[in-house]
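Reading through the structure tokens given below for one structure.
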2 protein chains.
Amino acid sequence: MRIGELAERSGLSRDAIRFYETRGLLESHRSPNGYREFAADAVPWLAYVRTAQRLGFTLAAIAAHGAELREAPDSAAALSALFAEKIAVVDAKMSELAVLREELAERAVTGCPLRPEQQ
Amino acid sequence: MRIGELAERSGLSRDAIRFYETRGLLESHRSPNGYREFAADAVPWLAYVRTAQRLGFTLAAIAAHGAELREAPDSAAALSALFAEKIAVVDAKMSELAVLREELAERAVTGCPLRPEQQ
DNA sequence: GTAAACAGTGGAGCGCGCTCCAAGGTCAAG
DNA sequence: CTTGACCTTGGAGCGCGCTCCACTGTTTAC
């Protein structure tokens with residue numbers, strides 16, 4: 001698949017895809033004419049990237065995770081460990097959100113404005 | 001309280017605090033000598049700002065929320081509505097994280113690499 | 001054969017969220 | 001009266017995550 005099709009299927013711009021490639025988030029090989037060729041599973045991968053990114057992971061972190069996966073020995077155990085690590089990060093984020101939510105809920109009940117007062 | 005004390009108590013830099021003020025996240029009045037004076041509750045407010053920010057809210061969004069609170073009629077009902085709105089946003093974020101977590105967990109079990117393959 | 005649609009590169013620019021710096025005013029201690 | 005800590009206001013710069021642009025090459029359709 002060439003970049004235009006990947007752009008359409010992933011909902012990203014061509015520029016964003018090229019940018020991701022420079023950041024090591026995506027690999028391609030080149031056709032004889034110099035055009036990038038992407039594998040079909042770049043589409044779900046990019047969907048994952050966007051989700052992770054929207055949830056506050058930096059592109060560098062996502063790329064590092066992907067690189068670890070590529071370099072991991074192909075045992076299910078090693079992969080599981082990597083995912084477990086990532087899941088722990090997600091869980092931590094969820095806990096923080098839970099705390100923030102509780103704080104908001106509490107103030108909603110008490111009517112405490114949670115804001116800088118005059119003077 | 002002057003900016004140095006607020007910086008120390010909030011763990012932020014003076015520059016960051018001045019920057020927040022330009023973005024409408026924080027108010028101060030000026031002493032006759034031109035120094036900024038902050039209220040004591042700027043400290044918990046900044047703690048809230050940092051938490052919200054770390055969880056993926058932009059400064060603009062946080063400032064907008066703060067402004068709404070300042071402009072809200074001072075009824076408990078109105079404030080509750082504002083907090084309920086914010087809580088809904090937090091809940092949505094948590095749901096997304098739950099989905100991402102599940103996706104990760106599933107792939108950890110199946111050993112599916114979740115990455116762009118060669119070719 | 002030509003036009004349109006696609007691809008490539010390099011570089012500038014931009015919004016966000018700051019940090020750092022220079023030049024200067026204020027104030028308390030010695 | 002100087003020293004030093006603190007404050008002020010610009011303005012430049014920076015890492016992130018792109019976008020946009022100019023210019024060029026390739027492929028496809030008529």
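Below, read A as the first sequence line, B as the second, and so on, with proteins coming before strands; counting in each chain starts at 1. Every value quoted in this text rests on a predicted model; they were computed, and no experiment measured them.
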For the pair made of CD in A:E5 and P in C:dC6, what is the distance, rounded to whole Å?
-> 12 Å

Under a 3.5 Å cut-off on both pairing distances, which runs of 3 or more consecutive Watson-Crick or G-U pairs involve DNA chain D?
-> C:1-30 with D:1-30

Can you name the residues that form a side chain to side chain donor-acceptor pair (under 3.5 Å) with A:Q53, not counting sequence neighbours?
-> A:Y20, A:R50

For A:E21, enumerate each residue passing the side chain to side chain donor-acceptor pair (under 3.5 Å) test, keeping only those at least two apart in sequence or located in another chain.
-> A:S28, A:R36

State which residues pass side-chain contact (heavy atoms from CB on, under 4.5 Å) with B:S31; sequence neighbours excluded, sorted by chain then number.
-> B:N33, B:Y35, B:E37

Heavy-atom check, side chain of B:T51 versus side chain of B:Y48, under 4.5 Å = no

Looking at CZ of B:F19 and CG of B:L59, how far apart are the two atoms once the value is rounded to the nearest 0.5 Å?
-> 6.0 Å

Would you say a side-chain N or O of B:N33 is under 4.0 Å from OP1 or OP2 of C:dC27?
-> yes

Within a strict 4.5 Å, meaning less than it, do heavy atoms of the A:L26 and A:L6 side chains meet?
-> yes

side-chain contact (heavy atoms from CB on, under 4.5 Å) partners for B:S95, two or more places apart = none

Taking all heavy atoms of B:A63 and all of B:L25, pick out the closest pair and write down the distance.
-> N-CD2, 3.6 Å

Test side chain to side chain donor-acceptor pair (under 3.5 Å) applied to B:R54 - qualifying residues, sequence neighbours left out | A:E96

Roughly, in whole Å, what's the span from CZ in B:R2 to C1' in C:dA28?
-> 10 Å

Mind checking what makes side-chain contact (heavy atoms from CB on, under 4.5 Å) contact with A:A7, not counting sequence neighbours?
-> A:R14, A:I17

Side chain to side chain donor-acceptor pair (under 3.5 Å) partners for B:R9, two or more places apart = B:E5

Whole Å only: how far is the CD atom of A:E37 from the C1' atom of C:dG8?
-> 14 Å

C:dG8 phosphate, OP1 or OP2, under 4.0 Å from A:R18 side-chain N/O = yes

Output a table of nitrogen or oxygen pairs between the protein and nucleotides 22-25 of chain C separated by less than 3.5 Å.
| unit_1 | atom_1 | unit_2 | atom_2 | d |
| --- | --- | --- | --- | --- |
| C:dG25 | N2 | B:Y35 | OH | 2.7 |

Can you give one letter per nucleotide of nucleotides 12-20 of chain D, 5' to 3': B if a protein heavy atom sits under 4.0 Å from the base, S if only from the sugar-phosphate, - if neither?
-> -----BBBB

Just checking A:R36: base, sugar-phosphate only, or nothing, at a heavy-atom cut-off of under 4.0 Å?
-> sugar-phosphate

Rounded to the nearest angstrom, tell me the gap between atom CD1 in A:I17 and atom C1' in C:dC6.
-> 14 Å

